[in-house]
Amino acid sequence: MTTARHDWTRQEIAALFDLPFADLVFQAQGVHRAVFPANAVQKSQLLSIKTGGCPEDCGYCAQAARYHTGIKADKLMTVTEVVAAAAAAKASGASRFCMGAAWRGPRDRDMAQLAEMVHGVRALGLETCMTLGMLSGSQAEALGQAGLDYYNHNIDTSPEYYDDVASTRDQADRLETLARVRDAGISVCCGGIIGMGESRTDRVGLIHTLATMVPHPGSVPVNGLVPIAGTPIGDAILGGRAPAIDGVEFARTVAVARITMPNAVVRLSAGREAMSDEAQALCFLAGANSIFVGERLLTTNNPGRDRDDTLFEKLGLVPMEASA
Ligand code: SAM
Ligand code: DTB
Ligand code: SF4
């Protein structure tokens, strides 16, 4: 652990983004090495425990019921199915297991089943994370009591751009859930998506919101947009009406997250399937130290074990052990 600042200004964050690339990455790598083992990258596995049919309108999401994306709605998986998937993930080398549900928020009557999933997955020695949408205070407490290590709830982008991304909720609603998660003693996993047509200023605003949280999120996912046909944002990118992700700009965002939130695990999350090995290597140099492994994220493809084993071998990376 190192002392972390919470008083970052937008100007300071913009100045980091503006640095020559090598200066930025050199600084990020220095911060990284002062806190984390240099070449260790955590392997996390995602499981969609409840897919599709979501009432929200997030403009990037394959699971929003209102967009025609070809994803069919499923009901909540059973505890046995989830624990079996977690055991398989552990056997293939994951040390963290993240369970995602396409809900605006869970129903109170689902909470007992969700708590059992946390118990079952933790008992395997895996670090646990859930992402279930908005939580009430009592729902957050129930998950905390079940021993959930992290709750993922992303702010996605800057406060100014958020209304262009989703209209069925405000970013302020997200911040309220995050406060409830903290109050329940659960570590916060919070980040955003790059490549949704946002500006550099929006990326500065995203990192500024995260880096001024007290405490910082323990875990910061930086997702590269996976453009989904049938969603407003995916169609804009696929149709060339908004710019696709630039690999160097993506690595800059990772570096700025690493420098401003030195103790956080920075996650190179969605979007790796479309990234070259070189682009991913830049992100590791910039301080990313966690990835999702396996062939699927929630509804989209991920590189899979063979490609990632080769990547780890090529770059001399080693898996990070579970801290749970
Ligand atoms: N429904 C819950 C919620 O929105 O909080 C949990 C699941 S939601 C799919 C989890 C996160 O995945 C979103 O907040 C978003 O940041 C990320 N995500 C979803 N679709 C994505 C996409 N097409 N590309 C990149 N990231 C995506
Ligand atoms: C996060 O920030 N990224 C993960 C996890 N949290 C839940 C989700 C990525 C989803 C990518 C699109 C999909 O597979 O549907
Ligand atoms: Fe629903 Fe989450 Fe997708 Fe938004 S990101 S539509 S809340 S599943």
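Start at 1 and go down the list; that is how both ligands and their atoms are numbered. Just so we're clear, the structure is a prediction, and the values are computed from it rather than from any experiment.
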Check your understanding: Would R200 and D18 satisfy salt bridge (charged side-chain N to carboxylate O under 4.0 Å, His left out), going step by step from the backbone distance to the final call?
Key -> CA-CA 10 Å; R200 162 73 72 84; D18 283 342; 3.0 Å; yes

With heavy-atom distances below 4.0 Å as the criterion, list the atoms of ligand 2 near [X].
| X | value |
| --- | --- |
| T131 | 7 (C) |
| T299 | 13 (C), 14 (O), 15 (O) |
| L46 | 4 (C), 7 (C), 8 (C) |
| N154 | 1 (C), 2 (O) |
| P221 | 2 (O) |

Does ligand 1 have an atom that lies less than 4.0 angstrom from a heavy atom of [X]?
| X | answer |
| --- | --- |
| A101 | yes |
| G133 | yes |
| G234 | no |

Review point. Would you say Q63 and ligand 1 have an N/O pair spaced under 3.5 Å apart?
Key: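 In fact, backbone or side chain, Q63 has no N or O that close.
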
**Study point:** Close N or O approach (N152, ligand 1; < 3.5 Å)
**Key:** no

Just need the protein heavy atom nearest to [atom], so name the residue and atom and give the distance.
| atom | value |
| --- | --- |
| atom 27 (C) of ligand 1 | I193 CD1, 3.7 Å |
| atom 23 (N) of ligand 1 | V226 O, 3.0 Å |
| atom 4 (Fe) of ligand 3 | C58 SG, 2.3 Å |
| atom 4 (O) of ligand 1 | R174 NH2, 3.7 Å |
| atom 19 (C) of ligand 1 | Y60 CE1, 3.4 Å |
| atom 8 (S) of ligand 3 | A102 CA, 3.6 Å |

Review point. Is the shortest side-chain N to carboxylate O distance from E295 to R307 below 4.0 Å?
Key: no

**Study point:** Ion pair check, D110 and K50, cut-off under 4.0 Å
**Key:** no

Exercise for review: Answer with yes or no whether V226 contacts ligand 2, where contact means a heavy atom under 4.0 Å from a ligand atom.
Suggested key: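 Not so, V226 does not reach ligand 2.
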
So, [X] versus [Y]: side-chain donor-acceptor pair below 3.5 Å or not?
| X | Y | value |
| --- | --- | --- |
| R296 | N301 | yes |
| E198 | T157 | no |
| R267 | S219 | yes |

Check your understanding: Taking the side chain from N223 and the backbone from S269, do they hold a donor-acceptor pair closer than 3.5 Å?
Key -> no

Review point. Is the backbone of D74 close enough, under 3.5 Å, to the side chain of T51 for a donor and an acceptor to pair up by distance?
Key: no

Is [X] close to ligand 2, meaning an N/O of one under 3.5 Å from an N/O of the other?
| X | result |
| --- | --- |
| Q63 | no |
| N152 | yes |
| L298 | yes |

Review point. Is C54 close enough to atom 1 (Fe) of ligand 3 to have an N, O or S atom under 2.8 Å?
Key: yes

Check your understanding: Considering only heavy atoms of I228, which atoms of ligand 1 have at least one such atom less than 4.0 Å away?
Key -> 23 (N)

Exercise for review: Check ligand 1 against H153 and write out every atom of the ligand that is under 4.0 Å from a heavy-atom position of the residue.
Suggested key: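 Near H153, meaning under 4.0 Å from one of its heavy atoms, ligand 1 has 5 (O).
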
Practice item. Before giving the answer on salt bridge (charged side-chain N to carboxylate O under 4.0 Å, His left out), spell out for R96 and D149 the whole-Å C-alpha distance, their side-chain angles and the decisive distance to 0.1 Å. Key: CA-CA 10 Å; R96 172 189 173 96; D149 298 296; over 6 Å; no

Exercise for review: Would you mind telling me if ligand 3 is within reach of the side chain of R169, the backbone, both or neither, using heavy atoms under 4.0 Å?
Suggested key: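 Answer for R169: side chain.
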
Practice item. Return yes when at least one N/O/S atom of C61 is nearer than 2.8 Å to atom 4 (Fe) of ligand 3, and no when none is. Key: no

